[in-house]
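So the structure is just underneath, and the comments pick up after that.
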Amino acid sequence: EVLKNRNFRNLWLGQIFSQISVNMLMFVLVLRVYETTVSNTAVSLVVLCMGVPAVIFGVLTGTLVDQWDKRNVMVVTNLIRMVLILGFFVSSETTIWIYLLVTAVSVSTQFFVPSEAPTIPRIVEEKWLLTANSLFTLTFYVSVILGFMLSGPALKFFGPRNVFLLLSALLALAAL
């Protein structure tokens, strides 16, 4: 029943495309950085560039997003991340470039995260709220798993450069 709600269905599909793209990005970059540097430290820095902005900016962005239209924040954030990921298409060989782009993707994600879940009570009837929240949470974890699982085949099929076009396309779909 909850998926019959057009607004929730769009939010849910956006979540799927967005989460899969960002999780695939993380795994693809870990593989690319290790492949180009053969350094565990370089890989650790990629993970830190993705995680540290959440700690530094999470509270601030949450406070800002509470004052803005969440739908617009999600659309704009997905478009920003789409453009940033296209930066990896331009070059994913230079580790400094990768660190800068990953950090920018992570900072923009800090605006996206507090926009998603608070939208659910605004678009779903109270009787469907538990179902909607459960579906959203389940989808979050499944998308993490799928993002990591699909990374290897996507790299093999699209290649180490063109895979970023796929990830950007997924974020464009999420923005839609």
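Computed from a prediction, not measured in an experiment: that's the story for all the values here.
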So do the side chains of [X] and [Y] get within less than 4.5 Å of each other, counting heavy atoms only?
{"X": "Asn40", "Y": "Tyr34", "answer": "yes"}
{"X": "Met50", "Y": "Val46", "answer": "no"}
{"X": "Ile80", "Y": "Leu84", "answer": "yes"}
{"X": "Thr109", "Y": "Thr77", "answer": "no"}
{"X": "Trp12", "Y": "Leu3", "answer": "yes"}
{"X": "Val47", "Y": "Val102", "answer": "no"}
{"X": "Leu171", "Y": "Leu79", "answer": "no"}
{"X": "Leu11", "Y": "Met74", "answer": "yes"}

Check: [Y] main-chain N/O paired with [X] side-chain donor or acceptor under 3.5 Å:
{"X": "Thr137", "Y": "Ser134", "value": "no"}
{"X": "Lys70", "Y": "Val65", "value": "yes"}
{"X": "Asn5", "Y": "Ile123", "value": "yes"}
{"X": "Gln110", "Y": "Ser106", "value": "yes"}
{"X": "Thr63", "Y": "Val59", "value": "yes"}
{"X": "Ser91", "Y": "Gly87", "value": "no"}
{"X": "Ser39", "Y": "Ala42", "value": "yes"}

Exercise for the section: Report the relative orientation of the aromatic rings in Phe136 and Phe8; use parallel for angles under 30°, tilted for 30 to 60°, perpendicular for over 60°. Expected result: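 It falls in the tilted class, 30° to 60°.
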
Problem - Side-chain H-bond candidate by donor/acceptor type, Ser18 with Arg81, under 3.5 Å - result: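 Arg81 and Ser18 do have a side-chain donor-acceptor pair below 3.5 Å.
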
Exercise for the section: Would you confirm whether the ring centroid of Phe89 sits within less than 6.0 angstrom of the ring centroid of Phe164? Expected result: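 When the ring centroids of Phe164 and Phe89 are compared, they turn out to be at least 6.0 Å apart.
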
Problem - Rounded distance [0.5 Å steps], CZ in Phe27 versus CG in Leu155 - result: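 So the CZ of Phe27 and the CG of Leu155 are separated by 8.5 Å.
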
Handout entry: Linked, directly or transitively: Val55 and Leu45 (ILVMFWY side chains, under 4.5 Å)
Key =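 Each belongs to a different hydrophobic cluster.
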
Practice task
Test Ile16 against Leu146 for side chain to side chain contact (heavy atoms under 4.5 Å, CB included), laying out the working first.
Solution key: CA-CA 10 Å; Ile16 292 170; Leu146 280 176; over 6 Å; no

Handout entry: Exercise: identify the closest heavy-atom pair between Ala154 and Leu166
Key =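 In this case the closest contact between Ala154 and Leu166 is CB-CD2, 4.0 Å.
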
